[in-house]
Colleague: 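The structure under discussion is supplied below as structure tokens; questions concerning it will follow.
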Amino acid sequence: MEKILIIDDDDDLRKILRDVLKEEGFLATGAGDGFSGVKAFRSEVPAAVLLDMKMPHMDGIETLRELNKIDPQVPVIVMTAYGDISNAVEAMKAGAYDYMLKPPDYNRLVHILRRAIELRVLGIEKARVDAALNSSLENMFGRSGAMKRVIDQIRQVAQTDFSLIIQGETGTGKSIVAESIKNMSKRSEKPFLCVDIGLIPDHLVESELFGYKRGAFTGAEKDKPGYLETADMGTIFIDELENMSLHVQGKLLTFMEKKKIYPLGGTFPVDLDIRIIAATNVNMKEIVTKKEFREDLFYRLGEFMITIPPLRDRTEDILFFAEKFIFESSAELNKLVRGITSDAADLLTAHPWPGNLRELKNVVRRASLLAKGDVIDRDCIEFLMEERYRGRERTSFSTLKESVKELEKTMIREALERTGGNKAKAAELLDVSYTSLFSKIKEYNII
């Protein structure tokens with residue numbers, strides 16, 4: 001039974017209200033003045049309060065303010081005489097849920113009480129769900145201030161149909177952000193397709209995205225729907241957006257403007273309703289400036305943009321994720337690893353992590369395997385990072401950006417050496433797309 005506190009100096013009215021509320025399934029208690037009402041409110045924790053405006057010693061407004069200090073979520077319905085409506089208006093401004101004129105219409109009073117209690121319960125449940133969701137997202141993305149801003153953005157955009165671009169270096173978790181947005185969206189039960197443009201040969205990107213009709217080209221023996229058509233009513237996640245050719249960009253722009261696609265070899269359009277989430281590991285504004293990406297498509301796709309900061313810019317998340325990966329590795333390897341020593345932790349937080357979370361996870365996973373006891377010590381980490389990560393002695397100071405570039409060059413050269421120059425196998429070893437690796441080889445002039 002919901003408890004209702006009646007604060008009124010009229011003994012007869014309190015008794016009538018108690019009887020009425022009891023008949024309606026409420027448990028009503030009373031207090032004859034503001035002071036005893038505040039005391040009862042603190043001890044009894046009611047679901048709602050009926051509060052008289054005119055009482056001696058401590059009037060309704062003063063009482064209301066004291067109640068709000070204790071728990072502003074409990075709805076307070078004020079009762080006032082016809083000639084004192086201005087007091088009721090003042091009470092509403094001070095935080096009252098509603099007001100009624102005396103003598104009250106009991107049916108209306110019960111209706112208002114039930115509605116107020118329902119809204120309070122919904123508010124409490126929403127706060128609980130919000131807290132659980134925040135905790136879940138923080139466990140996924142980290143607890144640093146930078147990632148809390150990203151989490152806020154995820155929550156802002158998830159329930160909309162905005163197209164969005166997620167920017168971030170390789171390994172920062174762009175696909176996880178995209179999937180979280182999909183799971184929190186109105187399309188959560190609809191299809192979710194992931195397309196990595198960097199893994200599709202250039203000449204096949206158009207047919208893979210838009211589909212084709214039988215006879216459209218040699219080998220097209222039957223109709224095949226593309227990724228876009230397969231994702232109808234749902235969400236499509238397009239990764240490595242920067243690798244999309246200008247021709248395909250033009251077709252994607254047409255789709256976004258008209259909500260129709262023309263499969264290769266097709267005569268009639270196909271109407272589609274899709275939300276597009278795109279991701280890139282480059283600064284899109286820079287490649288738009290260089291005319292390597294269409295400006296009109298960029299603004300269409302980038303109705304909302306989320307930039308995930310690299311791990312080196314949020315060092316407070318490094319040990320948080322290291323502990324998380326240790327727990328996961330322990331379960332995978334069936335080996336009890338409880339944590340990491342302080343000197344090993346210092347080494348992790350000092351490292352620039354060019355591969356971000358993906359690199360950290362790999363290091364922790366292998367360190368868990370190498371750990372001789374139940375903790376990861378510095379020897380485990382140093383052995384893993386000595387050649388690949390620590391780099392050679394420097395004769396002069398260099399910036400972090402320069403260091404990351406040097407590290408990338410070293411890793412690419414090592415991967416190519418191990419695979420005998422096979423770029424596809426090197427890309428697999430480095431856990432990047434073939435297109436990204438080829439772009440880096442060209443950028444660094446690696447022969």
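The structure presented is a predicted model; accordingly, all values stated were derived computationally and were not measured.
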Colleague: Which atom names give the shortest non-hydrogen contact between N356 and L311, and what distance separates them?
Modeller: OD1-N, 2.8 Å
Colleague: Counting neighbours of NZ on K15 that are heavy atoms of other residues, nucleotides or ligands and sit closer than 6.0 Å, is the number greater than 12?
Modeller: no
Colleague: How about V195 and I200: do any of their side-chain heavy atoms sit closer than 4.5 Å?
Modeller: yes
Colleague: Does the salt bridge (charged side-chain N to carboxylate O under 4.0 Å, His left out) test come out yes or no for R14 and D52, once each step is laid out?
Modeller: CA-CA 10 Å; R14 283 203 316 275; D52 186 22; over 6 Å; no
Colleague: Tell me if a side-chain donor or acceptor on R300 pairs with a main-chain N or O of D296 at a distance below 3.5 Å.
Modeller: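 No: the side chain of R300 does not pair with the backbone of D296.
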Colleague: Walk me through it: do R120 and E2 pass the test salt bridge (charged side-chain N to carboxylate O under 4.0 Å, His left out)?
Modeller: CA-CA 12 Å; R120 182 192 180 222; E2 299 287 1; over 6 Å; no
Colleague: How many angstroms lie between CG in D232 and CD1 in I274, if you round to the nearest 0.5 Å?
Modeller: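 So the gap between those two atoms works out to 6.0 Å.
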Colleague: Where do L348 and W353 land on the side chain to side chain contact (heavy atoms under 4.5 Å, CB included) test, with the steps shown first?
Modeller: CA-CA 9 Å; L348 289 182; W353 300 109; 3.5 Å; yes
Colleague: Are Y106 and L17 close enough that some pair of their side-chain heavy atoms sits under 4.5 Å apart?
Modeller: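 Yes, side chains in contact.
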Colleague: Might you confirm whether atom CZ of R338 has over 12 heavy atoms from other residues, nucleotides or ligands at distances under 6.0 Å?
Modeller: no
Colleague: Please round to the nearest 0.5 Å and tell me the distance separating atom CD1 of I154 and atom CG of N183.
Modeller: 11.0 Å
Colleague: Is there a donor-acceptor pair closer than 3.5 Å between any side-chain N or O of T235 and the backbone N or O of A231?
Modeller: no
Colleague: Identify the two heavy atoms, one from G142 and one from F320, that lie closest to each other, and give their separation to 0.1 Å.
Modeller: CA-CE2, 3.8 Å
Colleague: May I ask you to test the T307-M305 pair for a side-chain heavy-atom distance under 4.5 Å?
Modeller: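 Not in contact.
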Colleague: Going through the distances and angles, do R115 and D98 end up as a salt bridge (charged side-chain N to carboxylate O under 4.0 Å, His left out)?
Modeller: CA-CA 11 Å; R115 184 180 63 186; D98 207 340; 3.5 Å; yes
Colleague: For the pair N362 (side chain) and R365 (backbone), establish whether a donor and an acceptor sit closer than 3.5 Å, ignoring hydrogens and angles.
Modeller: no
Colleague: Can you check whether Q156's main-chain N or O pairs, donor with acceptor, with T160's side chain at less than 3.5 Å?
Modeller: no
Colleague: Scan L51, D8, I7 and name whichever one has a side chain to side chain contact (heavy atoms under 4.5 Å, CB included) with M79.
Modeller: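 The passing option is D8.
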Colleague: Within the structure provided, determine whether R143 and E316 are in side-chain contact (heavy-atom separation under 4.5 Å).
Modeller: no
Colleague: Run the side chain to side chain contact (heavy atoms under 4.5 Å, CB included) check on T29 and I4 step by step: do they pass?
Modeller: CA-CA 6 Å; T29 60; I4 310 299; over 6 Å; no
Colleague: For the backbone of P191 and the side chain of K182, can you confirm whether one donor and one acceptor N or O come within less than 3.5 Å of each other?
Modeller: no
Colleague: With rounding to the nearest 0.5 angstrom, report the OG to CD1 distance, S188 to I181.
Modeller: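 Output value for this atom pair is 13.5 Å.
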Colleague: Could you walk me through whether F41 and T63 pass the side chain to side chain contact (heavy atoms under 4.5 Å, CB included) check?
Modeller: CA-CA 11 Å; F41 182 86; T63 304; over 6 Å; no
Colleague: Do I61 and M53 have side-chain heavy atoms sitting under 4.5 Å apart?
Modeller: yes
Colleague: Looking only at heavy atoms, what is the nearest atom pair of I6 and A28, with distance?
Modeller: CD1-CB, 4.0 Å
Colleague: Judged by atom type as modelled, is there a donor-acceptor pair below 3.5 Å linking the side chain of R275 to the main-chain atoms of F162?
Modeller: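 Yes; at least one donor-acceptor contact below 3.5 Å.
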Colleague: For T170, does its backbone N or O pair with a side-chain atom of N281 as donor and acceptor, under 3.5 Å?
Modeller: no
Colleague: Any donor-acceptor pair under 3.5 Å linking the side chain of S43 with the backbone of A40?
Modeller: yes
Colleague: If I take atom NZ from residue K259 and atom OG1 from residue T254, how far apart are they, to the nearest 0.5 angstrom?
Modeller: 12.0 Å
Colleague: Which pair of heavy atoms, one from E240 and one from S433, lies closest together, and at what distance?
Modeller: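 Shortest heavy-atom contact: OE2-OG, 2.8 Å.
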Colleague: Return the CG to OH distance between L253 and Y299, rounded to the nearest 0.5 Å.
Modeller: 13.5 Å
Colleague: May I ask you to say whether D161 pairs ionically with R187, meaning some side-chain N is under 4.0 Å from a carboxylate O?
Modeller: yes
Colleague: Counting C-beta onward and ignoring hydrogens, is there a side-chain heavy-atom pair between L113 and L21 closer than 4.5 Å?
Modeller: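 In short, these two side chains touch, coming nearer than 4.5 Å.
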Colleague: Just checking Y99: does its OH atom have more than 12 heavy atoms from other residues, nucleotides or ligands closer to it than 6.0 angstrom?
Modeller: no
Colleague: Please report the interatomic distance CZ(R314) to OG1(T172), rounded to the nearest 0.5 Å.
Modeller: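 Rounded to the nearest 0.5 Å, the CZ-OG1 separation comes to 7.5 Å.
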Colleague: For a side chain to side chain contact (heavy atoms under 4.5 Å, CB included) check, start with the C-alpha distance between I166 and I277, then their side-chain angles and the critical distance, and finish with the verdict.
Modeller: CA-CA 8 Å; I166 304 169; I277 301 176; 3.7 Å; yes
Colleague: Has N68 got a side-chain atom pairing as donor or acceptor with A94's backbone, closer than 3.5 angstrom?
Modeller: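 Here the side-chain-to-backbone pair exists.
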Colleague: Which pair of heavy atoms, one from R294 and one from Q249, lies closest together, and at what distance?
Modeller: N-OE1, 2.8 Å
Colleague: Determine whether F321 and L357 make a side-chain contact, defined as any pair of heavy atoms from C-beta on separated by less than 4.5 Å.
Modeller: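 When only atoms from C-beta onward are counted, L357 and F321 do touch, with a gap below 4.5 Å.
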Colleague: Would you list the atom pairs, donor with acceptor, under 3.5 Å between side chains in residues 205-213 and any protein atom, with sequence neighbours excluded?
Modeller:
| residue | atom | partner | partner atom | Å |
| --- | --- | --- | --- | --- |
| E206 | OE1 | H247 | NE2 | 3.0 |
| E206 | OE2 | H247 | NE2 | 3.4 |
| E206 | OE2 | K251 | NZ | 3.1 |
| S207 | OG | L204 | O | 3.1 |
| E208 | OE2 | K224 | NZ | 3.4 |

Colleague: Does any non-hydrogen side-chain atom of P309 lie less than 4.5 Å from one of V150?
Modeller: yes
Colleague: Can you list the steps and then say if E242 with T280 is a side chain to side chain donor-acceptor pair (under 3.5 Å)?
Modeller: CA-CA 6 Å; E242 70 278 5; T280 176; 2.7 Å; yes
Colleague: Please give me the minimum heavy-atom distance between M140 and S180, naming the atom from each residue.
Modeller: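 Closest approach of M140 to S180: SD-OG, 3.5 Å.
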Colleague: Ignoring hydrogens and angles, write down the donor-acceptor pairs under 3.5 Å from the side chains of residues 323-331, residues two or more places apart or on other chains.
Modeller:
| residue | atom | partner | partner atom | Å |
| --- | --- | --- | --- | --- |
| K324 | NZ | N139 | O | 2.8 |
| S329 | OG | F325 | O | 2.8 |
| S330 | OG | I326 | O | 3.0 |
| S330 | OG | K335 | O | 3.3 |
| S330 | OG | V337 | N | 3.2 |
| S330 | OG | V337 | O | 3.3 |

Colleague: Is R65 salt-bridged to E62, going by a charged N under 4.0 Å from an acidic O?
Modeller: no
